[in-house]
Amino acid sequence: MVKFMNDERVYSFLGGPPFPYTHEDGVMWSKSVMERSQSLFRCMEDGNQFLDGCPVSSIREVYEDGSDVYIGDITIGRETPERTWVGPEDVDNLKKPVGDPTILYTVGDYLAPTHHRRGIMSTALRTIIDKWAIPRMNCQRITATAFVGNVASVGVFKKVRFEHVRDVSDAMNLPSGRGGHLMSVHLLEWVCK
């Protein structure tokens with residue numbers, strides 16, 4: 001993970017991770033992912049019909065001998081109302097009960113550069129939506145963003161029926177290690193049909 005997060009072909013298209021990305025950053029991220037996953041698995045064990053996310057986010061390549069290697073991540077969770085593109089109808093998004101069909105979700109992802117342009121991310125995204133988000137989260141709407149000019153990410157989302165909604169100027173503030181300036185984004189949305 002640390003290697004990918006310090007590769008310009010990955011970090012230049014991500015809004016949040018610090019740069020340079022350290023081993024400690026990776027450990028903190030991994031711990032937060034594990035805590036969230038364990039919480040979601042406990043909810044499953046308790047028999048909850050709907051969950052508030054997907055407990056699995058790692059994308060791994062599995063070799064013929066059964067071994068595997070981490071190649072990326074895909075995460076789905078509630079969109080935060082503080083984002084400039086979130087409308088007034090979603091201002092209470094974080095307060096809605098789990099399974100509420102009006103919850104607005106968002107998805108974030110990245111893939112190792114060695115695995116770009118192979119259809120992996122569009123397959124992973126389609127799988128998360130069809131096999132998890134719809135049946136296990138009652139997900140009906142998802143937003144995604146890509147920095148203006150990130151044609152490859154926009155293409156991934158469009159393959160999975162996301163539609164371009166609009167471009168949002170100065171929407172994300174990059175970490176100080178990457179200049180700390182504002183970036184504009186393409187806003188895309190998927191609606192369950």
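Count residues from 1 along the sequence.
For the pair M1 and S30, the tightest heavy-atom approach, listed with the atom from each and the gap, is CE-OG, 3.9 Å. Here the closest heavy-atom approach between residue L187 and residue T143 is recorded as CD1-CB, 4.1 Å. For the residue pair L125 and I74, the shortest heavy atom distance occurs at CA-CD1, 3.6 Å. Closest approach of L111 and V10 over heavy atoms only: O-CG2, 3.7 Å. When all heavy atoms of C192 and I134 are compared, the pair lying nearest together is SG-CD1, 4.1 Å. Looking at every heavy atom in both residues, G15 comes nearest to P175 through O-CD, 3.4 Å.
Between D68 atom CG and E61 atom CD the span is 9.5 Å, to the nearest 0.5 Å. With rounding to the nearest 0.5 angstrom, the CE atom of M183 is 11.0 Å from the CG atom of L14. For the atom pair CD of E79 and CD of E189, the computed distance is 10.0 Å after rounding to the nearest 0.5 Å. In this structure, C54 SG and R136 CZ are separated by 10.0 Å, a value rounded to the nearest 0.5 Å. Annotation: the span from T84 atom OG1 to D170 atom CG amounts to 9.0 Å, rounded to 0.5 Å.
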*Could you walk me through whether I71 and V69 pass side chain to side chain contact (heavy atoms under 4.5 Å, CB included), step by step?*
CA-CA 6 Å; I71 60 169; V69 63; 4.1 Å; yes
*Which is it for M172 and R83 under the side chain to side chain contact (heavy atoms under 4.5 Å, CB included) test, yes or no, and what are the steps along the way?*
CA-CA 9 Å; M172 284 191 182; R83 298 289 194 184; 4.1 Å; yes
*side chain to side chain contact (heavy atoms under 4.5 Å, CB included) between W85 and V185, intermediate numbers included*: CA-CA 10 Å; W85 53 83; V185 297; 4.0 Å; yes
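Note on residues 165-189: pairs passing ring-ring contact (aromatic ring centres under 6.0 Å, His included), not counting sequence neighbours, are H164-H186. Screening residues 103-141 for ring-ring contact (aromatic ring centres under 6.0 Å, His included) gives no qualifying pairs among residues at least two apart or on separate chains. Applying the ring-ring contact (aromatic ring centres under 6.0 Å, His included) rule to pairs touching residues 11-33 yields Y11-F19, sequence neighbours excluded. Under the side chain to side chain donor-acceptor pair (under 3.5 Å) criterion, the residue pairs touching residues 144-160 are N150-S153, with sequence neighbours excluded. Applying the ring-ring contact (aromatic ring centres under 6.0 Å, His included) test to pairs two or more places apart or on separate chains, those with a residue in residues 135-158 are F157-F162.
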Which donor-acceptor pairs under 3.5 Å do side chains of residues 36-50 form with protein atoms, sequence neighbours excluded?
| unit_1 | atom_1 | unit_2 | atom_2 | d |
| --- | --- | --- | --- | --- |
| R36 | NH2 | D52 | O | 2.5 |
| S37 | OG | V33 | O | 3.0 |
| S37 | OG | P55 | O | 2.6 |

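K31 pairs by the side chain to side chain contact (heavy atoms under 4.5 Å, CB included) definition with V27, not counting sequence neighbours. Applying the side chain to side chain contact (heavy atoms under 4.5 Å, CB included) criterion to S58, with sequence neighbours excluded, gives R60, Y70. With sequence neighbours left out, D7 forms a salt bridge (charged side-chain N to carboxylate O under 4.0 Å, His left out) with R9. Residues passing the salt bridge (charged side-chain N to carboxylate O under 4.0 Å, His left out) test with R166, sequence neighbours excluded: none. For K96, the side chain to side chain contact (heavy atoms under 4.5 Å, CB included) criterion is met by R78, D90, D92, N93, D100, T102, I103, not counting sequence neighbours. Under the rule for a side chain to side chain contact (heavy atoms under 4.5 Å, CB included), the partners of S169 that lie at least two apart in sequence or sit in another chain are S184.
Judged purely by atom type and a 3.5 angstrom limit, S12 uses its side chain to pair as donor or acceptor with the backbone of E8. At distances below 3.5 Å, at least one donor-acceptor pair connects side-chain atoms of N138 with backbone N or O atoms of G99.
Surrounding CD of E163 are at most 12 heavy atoms belonging to other residues, nucleotides or ligands under 6.0 Å away.
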